[in-house]
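Order of the sequence lines sets the chain letters (A, B, ...), proteins ahead of strands, with each chain counted from 1. All figures in this text were calculated on a predicted structure; none of them were measured in a lab.
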Amino acid sequence: MMSLNIIVLVKSVPDPKTPPTLKVDGSLDLKNVKIVVNPIDKYAVEAALQLKERYGGKIIGLSLGDHDNIDIFREIIAMGVDSFIYIKDPDYQRFDTLQKSYVLSRAIKKIEKDLGRVDIVLCGVESSDTNMGVLASQIGEWLEIPSISYVDKILEIKNGSIIVKKIIEDGFITLRSRMPVVLSIADTGYEPRIPSLRDTIMARRREIPIWKTSDLSLEFRETVLKTVRFKQIESKRLGKIFRDEDVDKMIDRFFEELKRDGVSLLR
Amino acid sequence: MPWDFEFTKEQEDLRMVIREFAEKHIAPRIIEFEEKRMIPNEIIEGLAKLDVFGVVLPEKYGGLGLDPITAGVILEEIVRADLTFSLAVAYLVHTSWGYIASKYGSEKFNEEIITKAAKGRLWIGIATTEPQAGSDVAGIKSEARKEGSYYILNGEKAYISGIREAREQFPDGGGHLTLVYTDKTKKHRGMTFFYVPMRSPGITYRLEKEFGRKGWSFGSFAMENVKIPEEYRIGEEGRGFYIAMEGFDHARAYIALANAVGTKRALEIAAEYIKQRTAFGQPIAKFEGVQFQLAQHWAEAEAAYNLAYKALWALKKEMEGKINRFEVTKICATAKYFAVTTAKKALDDAMRWMGAYAYTEENPVALALKAVKSYDWAEGALEIMLLIIAREVLGREFIR
């Protein structure tokens with residue numbers, strides 16, 4: 001049986017159910033925000049667990065942030081990852097996405113020193129706070145390995161390569177890649193497991209090592225992206241009603257209008 | 001007394017586990033519970049996988065060994081998702097009587113039965129009531145006689161929850177802690193408790209068409225020369241009545257919590273409705289006549305909720321040997337009485353605010369009211385609760 005070394009990247013985000021509000025100066029008011037695990041990252045964790053169940057191996061969870069609420073990661077441990085490492089940096093909020101991916105890729109390099117080659121790095125397709133969706137490709141670049149974004153499902157690992165079903169604009173495509181590889185997992189092909197009460201209790205007793213970015217021998221560059229300001233988006237219901245005798249015609253019209261508004265649809 | 005209204009972090013973690021499962025898998029299907037008169041297997045299996053059936057059972061036998069307060073936190077999430085109370089019954093009966101069975105059962109019984117109960121492979125229920133004896137427990141007629149290392153049981157039990165589930169649905173079946181006489185001349189002191197597997201030869205049963213909480217079966221079973229190994233005796237001969245009373249305290253505390261939480265949830269649902277629905281040109285919620293009723297019921301439900309947790313706290317203290325039996329019985333009876341009486345009034349009013357829409361089979365408030373009605377009797381009639389409270393307040397000499 002093969003044995004895979006898998007790293008799952010998990011981000012802490014403000015609870016999407018109660019998003020932060022804006023202060024008068026336009027900055028985010030994070031004071032009363034509840035921090036949770038980025039919901040889509042749980043699909044990546046599930047993908048990792050299913051790989052381990054099928055091929056054997058070890059899963060390490062990895063997160064970068066500036067808060068002290070490490071308890072939120074216990075749910076990921078309860079789901080079944082073997083260990084979890086949290087990198088804490090007080091300057092995290094000032095990092096741009098390239099710096100974040102740089103820190104994470106250095107941490108992956110450090111983990112490799114103890115663990116041996118990491119075969120697969122997984123993350124969710126995007127975070128619910130910034131919705132950038134660029135982490136997988138950036139990590140791939142930093143580590144100089146292939147990356148595939150928007151993976152619906154990992155189909156198979158064979159002869160050192162991995163076969164995945166990837167979501168594309170109007171459907172799916174099956175891709176083969178050599179390993180190591182970075183994959184971002186969508187919330188379509190997997191159903192994250194709910195940990196048992198026993199595993200939840202046991203997870204509370206587990207230690208979560210906290211690393212500092214100063215331990216990672218980093219050479220920081222200038223931030224490429226700068227946050228100019230945040231703006232509250234107002235969403236409105238259009239409440240459009242289609243009235244027509246023929247149901248098929250109404251459906252066609254509905255899709256036409258969506259298309260006209262720039263909504264792309266999976267078939 | 002120092003008092004802390006906060007749950008521990010562990011309890012909050014466990015709450016979130018059950019909430020996630022309940023929102024995803026339970027809440028969308030409760031109408032199906034009622035229509036099919038059963039809980040789908042996937043839900044039972046899913047809860048079993050999460051260790052829900054082993055919460056208070058000893059770690060030594062595969063349970064989690066958690067306390068009644070933590071068991072209450074889990075019950076809260078089950079009730080919030082299922083206002084039919086079918087799953088609440090499944091959980092709280094098994095949790096209460098499973099604990100009692102384990103506490104007083106033999107080593108062999110624990111190894112054979114409790115290990116399976118903790119994994120949710122087997123369900124444990126309670127059978128004291130008979131066709132002619134409910135609150136009047138001493139009036140039961142079922143009896144057991146000893147033959148070698150077995151007991152032979154005969155009699156009939158009525159209005160019992162979970163017969164079908166213990167016979168057919170759980171992979172390893174299940175059984176009921178069944179109260180019978182081993183010596184009729186000694187009255188209460190002649191009663192003994194047995195674990196009676198519902199798949200035993202000699203058991204016949206009949207199911208009722210219940211008024212509410214239809215997802216968990218409710219019926220009668222007859223025992224004709226049912227052979228039960230002596231290891232399935234729960235506690236000593238002659239201690240059955242007292243062990244049953246202890247088990248009722250557990251069940252009453254959980255019932256109190258289920259009623260309080262169910263009421264709060266139903267009030268939330270009704271509140272959402274009356275904020276949307278208008279009458280005479282404004283939302284129903286703007287009428288003070290409705291507001292005052294809502295506020296009053298909310299206050300009572302909140303009081304019932306805290307009283308229920310006091311009862312669960314008392315059970316925890318009893319496990320730690322820090323409180324006496326009579327005090328526990330008094331608190332549990334008080335909690336059940338208050339929670340059930342206030343729940344019925346609140347749910348009745350909440351249905352009225354919701355108008356004719358409330359009078360449908362799918363209205364969650366109506367489902368809750370039908371379920372709560374069962375607690376006029378289940379695990380001790382409300383009048384018995386009053387007798388217990390009066391006895392403890394006035395003294396035994398004032399009770400006939």
| said: Donor-acceptor pair, distance only, cut-off 3.5 Å: does the side chain of B/D13 make one with the backbone of A/T200? | reply: no

| field | A/K58 atom NZ: more than 12 heavy-atom contacts under 6.0 Å | value | no

| Separation between CG of B/L14 and OG of A/S196, rounded to the nearest 0.5 Å | 9.5 Å

| task | Take atom NZ of A/K11 as the centre, draw a 6.0 Å sphere, and report whether it contains more than 12 heavy atoms from other residues, nucleotides or ligands. | result | yes

| To the nearest 0.5 Å, how far apart are CZ in A/R198 and CG in B/D51? | 5.0 Å

| Flag if over 12 foreign heavy atoms under 6.0 Å of CD, B/E6 | no

| query | More than 12 heavy atoms of other residues, nucleotides or ligands under 6.0 Å from CG of A/D91: is that the case? | reply | yes

| field | Check against side chain to side chain contact (heavy atoms under 4.5 Å, CB included), A/L197 and B/I74 | value | CA-CA 10 Å; A/L197 299 177; B/I74 289 159; 3.7 Å; yes

| How many angstroms lie between CD in B/Q11 and CD1 in A/I201, if you round to the nearest 0.5 Å? | 10.0 Å

| Closest non-hydrogen atom pair between B/L50 and A/P195, with its separation | CD2-O, 3.4 Å

| field | Within-4.5 Å side-chain heavy-atom neighbours: B/E20 and A/E75 | value | yes

| request: Check whether B/V52 gets within reach of chain A through its side chain, its backbone, both or neither, counting any heavy atom under 4.5 Å. | output: both

| request: Using a cut-off of 6.0 Å, state whether more than 12 heavy atoms not belonging to A/M202 lie near its atom CE. | output: no

| message | To the nearest 0.5 Å, what is the distance between CD on B/E12 and CG on A/D71? | response | 12.0 Å

| request: With a 4.5 angstrom heavy-atom cut-off, could you sort out which part of B/K24 is near chain A: side chain, backbone, both or neither? | output: side chain

| A/E207 atom CD: more than 12 heavy-atom contacts under 6.0 Å | no

| request: Tell me, yes or no, whether the heavy-atom count around A/K34 atom NZ, taken from other residues, nucleotides or ligands under 6.0 Å, exceeds 12. | output: no

